[in-house]
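Both ligands and their constituent atoms are indexed starting at 1 by order of listing. Quick note: numbers below take in every heavy atom, side chains included, and nothing from hydrogens, waters or symmetry partners. Since the model is a prediction, treat every value here as computed from it, not as a measurement.
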Amino acid sequence: MKVKGNYINGEWTGASSGKWRSVINPATGQEICQICDSTKEDVRKAIDAAKRSFYETREWRDLCPRERVDFMLRIADGIAAKKDELAILESRNNGKPLREAENDVTDAVHCFRYYAGIISKPSGEVYRVNKDFGEMHSYTVREPIGVCAQITPWNYPLLMAAWKIAPALAAGNSIVFKPSSNTPLSSVRLFEILDELKLPKGTVNLVLGSGNVAGQEMAENPDVDMISFTGSTPVGQSIAHAAVGNLKRVGLELGGKSPNIIFADADFEGAVEWAMIGIFFNQGEVCSAGSRIIIEKSIKDKFVKRLAERANAITLGDPVKNPDMGPLVSEEHMNTVLEYIEIGKQEGAKCVCGGERYVEGDCADGYFVRPTIFDDCTPDMRIVKEEIFGPVVTVQTFETEEEAVALANDTSYGLAGAVFTADGARGLRIVNEIRAGITWINCYNPTFNEAPWGGYKLSGIGRELGVHGFEEYQEIKQVNINLTPGKLGWYGEGGANR
Ligand code: NAP
Ligand code: MG
């Protein structure tokens, strides 16, 4: 089956290349369908449509706020009405267990509802200013940026689409969206929902194609006013370079290698369960994953033993049948993760569980990797430094609070981090010291549409979600009104009346 999948100026089209790419079910290695492979020319058409809709027809941008709220709520309802279908599609295409895909759909629905609500909230400030130029009223208005290009990764295909599309639309922008070629199917379905709702032509455009052709054009094109990207740090860096030409606004949500610090006084079983969620949830394909356990030496052996017991009990299988874990997203990514496991073994880390592909029963042809724990890790090891983005966790130990913080911050990333302790003041001290954008005390990974998401250091620029995520899609204009016209005396008494 061939899916055209480009949605440009309100029409479904194929790619001008006439080329197609396979979309694979990672649980079986079988092709699900083929998608069109866009050229730079196809992307330019989508950008032109977005540009015309924003700067010429202006229907979405000028829409009465109340009507824009209604549209956003109808999008949320449209997604909610297709929850089961979307969740199965996502589970098949990405490999995540069905219940996690269902949570993603629910979160996506609420993301559109959240940003529907923000449209009617205050959108500027008034300032008290000095009177050097006479009495002035100074205020700000927030305006849409214009044409926003958006590129998403494969780990949360539908949810990442919602995180980007909802705030951009709420702010009044026009968009060109590209999902990962591995996992485009839920995005195509989302755009079918947008099509049924008849948003003004050119407001939302979808292009399917490879990152280094279609994605590169989105980053470079001078008619794009903002590029928002979620993915790996190297690609984020290349996007920042490509965006320099017209100094378009850049939003980057990138990789991580996040510390999970556990003190001996923490609730033991609780810390084990959260550590499991931290690294094995979504197959470990989570940018904020707690991939570095940094634990107080006195409890390390007991903790690793218990964690390994729990990890060994994890079930793998067809994600639609709701095992604990599904396959990794692709053969290529599985091979990367397996290579890192080999590197860890060669570096002298002690593999205490997992450490191999899983090929039992009906998993034989899928891209399954057993949950893997490496004990006895040291800061110089590549498995400690580099993002693996799979179900692989490293364990390091500390004896003092200072040592725990130093190990936690010994990374070029800064997305997330957590601390487990019964000492409330210590928990706060530690999160104050962690150089990362998202932190947790006595839990790992909960996140909310209301709160800003993003990283320090090589983990990115800017924030998604919440009010901050909305403001990323807005320009700020300063307006100064002279309340005493004709009275300026800057060049002598009487001023303009002289
Ligand atoms: P990736 O290889 O960087 O790809 C991400 C997206 O960028 C895909 O749509 C890809 O398209 C596209 N792309 C690839 N090369 C490009 C280029 N030169 N120019 C423009 N676009 C390009 O990342 P991934 O492997 O899909 O996802 C995993 C990474 O994403 C991890 O590093 C993870 O930490 C990060 N991530 C971060 C967050 C966060 O919020 N911070 C969330 C999720 C994931 P194709 O698929 O067509 O190549
Ligand atoms: Mg990639």
Side-chain angles (χ1 to χ4, degrees), residues 5 15 21-24 35-38 40 43 93-94 96 104 149-164 176-185 187 206-221 224 227-243 250-258 281-291 328-330 332-337 340 386-390 411-416 436-438 445 447 451-465 469 472:
R21 301 163 71 102
S22 292
V23 179
I24 302 293
I35 53 159
C36 67
D37 191 10
S38 298
K40 287 184 182 254
V43 175
N93 192 177
N94 163 276
K96 64 177 71 199
D104 290 357
Q150 306 180 313
I151 300 175
T152 49
W154 42 254
N155 62 339
Y156 285 90
L158 181 72
L159 190 57
M160 293 297 111
W163 284 22
K164 294 199 188 300
V176 177
F177 178 85
K178 190 196 95 63
S180 161
S181 320
N182 287 323
T183 55
L185 300 185
S187 299
L206 172 71
V207 286
L208 303 183
S210 75
N212 44 25
V213 177
Q216 178 75 16
E217 177 63 25
M218 292 165 80
E220 272 172 9
N221 193 295
V224 171
I227 176 103
S228 172
F229 168 81
T230 300
S232 61
T233 293
V235 174
Q237 288 168 320
S238 87
I239 283 186
H241 280 290
V250 176
L252 300 174
E253 300 288 342
L254 308 176
K257 191 76 183 176
S258 300
F281 184 72
N282 207 54
Q283 295 71 243
E285 296 167 329
V286 179
C287 50
S288 57
S291 50
L328 298 182
V329 74
S330 66
E332 188 192 356
H333 184 55
M334 174 188 71
N335 287 335
T336 305
V337 172
Y340 270 111
E386 298 174 23
E387 182 180 47
I388 300 174
F389 216 64
T411 170
S412 48
Y413 291 109
L415 189 59
I438 304 144
N445 264 343
T447 173
W453 180 271
Y456 292 13
K457 296 156 76 179
L458 284 186
S459 292
I461 301 175
R463 294 292 178 272
E464 293 194 293
L465 298 179
E472 296 271 323

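Neither the backbone nor the side chain of Y156 has any atom closer than 4.0 Å to an atom of ligand 1 (non-hydrogen atoms only). Proximity of T233 to ligand 1, defined as any heavy-atom pair under 4.0 Å, is not found for any part of the residue. If you look at E387 next to ligand 1, the close heavy atoms, those under 4.0 Å, all belong to the side chain. Contact annotation for P179 and ligand 1: only backbone heavy atoms (N, CA, C, O) come within less than 4.0 Å of the ligand.
Under a 3.5 Å cut-off, the side chain of N94 and the backbone N or O of W154 do form a donor-acceptor pair. Formation of a donor-acceptor pair under 3.5 Å by the S22 side chain with backbone atoms of I24 is not found in this model. Judged by distance alone, with hydrogens and angles left aside, the side-chain atoms of S459 form no donor-acceptor pair with the main-chain N or O of L254 at under 3.5 Å.
Looking at ligand 1, you'll find an N or O of W453 within less than 3.5 Å of one of its N or O atoms. At under 3.5 Å, not a single nitrogen or oxygen of F229, backbone or side chain, sits near a nitrogen or oxygen of ligand 1. Taking any N or O of W163, backbone or side chain, none lies under 3.5 Å from an N or O belonging to ligand 1.
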Using the rule given for side chain to side chain contact (heavy atoms under 4.5 Å, CB included), can you reason through V176 versus V224, listing the C-alpha separation, both sets of side-chain angles and the distance that settles it, and then say yes or no?
CA-CA 9 Å; V176 177; V224 171; over 6 Å; no

Please lay out, stage by stage, how K178 and V43 fare under the test side chain to side chain contact (heavy atoms under 4.5 Å, CB included).
CA-CA 10 Å; K178 190 196 95 63; V43 175; over 6 Å; no

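G462 and E253 get closest at one heavy-atom pair: O-OE2, 3.7 Å. The two residues G231 and P153 come nearest to each other via the heavy atoms CA-CB, 4.3 Å.
The atoms of ligand 1 that sit less than 4.0 Å from any heavy atom of S210 are 47 (O). Every atom of ligand 1 is numbered from 1 in the order shown, and the set under 4.0 Å from a heavy atom of G209 is 47 (O). Of all atoms in ligand 1, listed by their number and element, those nearer than 4.0 Å to a heavy atom of S181 are 45 (P), 46 (O), 47 (O). Heavy-atom proximity to I151, at under 4.0 Å, picks out these atoms of ligand 1: 6 (C), 7 (O), 9 (O), 12 (C), 20 (C), 21 (N). Close approach of ligand 1 to L415 is summarised as follows: ligand atoms under 4.0 Å from at least one heavy atom of the residue are 41 (N). Short contacts between ligand 1 and T152, defined as distances under 4.0 Å to a heavy atom of the residue, involve ligand atoms 6 (C), 8 (C), 9 (O). Within the listing of ligand 1, atoms 37 (C), 38 (C), 39 (C), 40 (O), 41 (N) sit less than 4.0 angstrom from a heavy atom of E253.
A side-chain donor-acceptor contact under 3.5 Å links S288 and N445. Side-chain polar atoms of T411 and K257 form no donor-acceptor pair below 3.5 angstrom. Using modelled atom types and a 3.5 Å distance limit, the side chains of K164 and T230 yield a donor-acceptor pair.
When A219, S232, S258, C287 are checked for heavy-atom proximity to atom 36 (N) of ligand 1, C287 turns out nearest. Residue N155 holds the heavy atom nearest to atom 44 (C) of ligand 1 of all those in I239, N155, L159, D37. Looking at K178, E332, H241, M160, it is K178 that brings a heavy atom closest to atom 10 (C) of ligand 1. With T230, N182, V235 as candidates, the residue nearest to atom 15 (N) of ligand 1 on a non-hydrogen basis is V235. Proximity annotation for atom 13 (N) of ligand 1: of G211, S180, P153, G211 comes nearest, heavy atoms only.
Taking CD from E285 and CG from L328, the interatomic distance works out to 5.0 Å, rounded to the nearest 0.5 Å.
A heavy-atom separation below 4.0 Å is not found between G455 and ligand 1. Residue-ligand proximity: P234 is placed with every non-hydrogen atom at 4.0 Å or more from ligand 1.
Using cut-offs of 30° and 60° on the angle between ring planes, the pair F389 and H333 is perpendicular.
Just one of I151, L208, T152 meets the side-chain contact (heavy atoms from CB on, under 4.5 Å) condition when paired with F177; it is T152.
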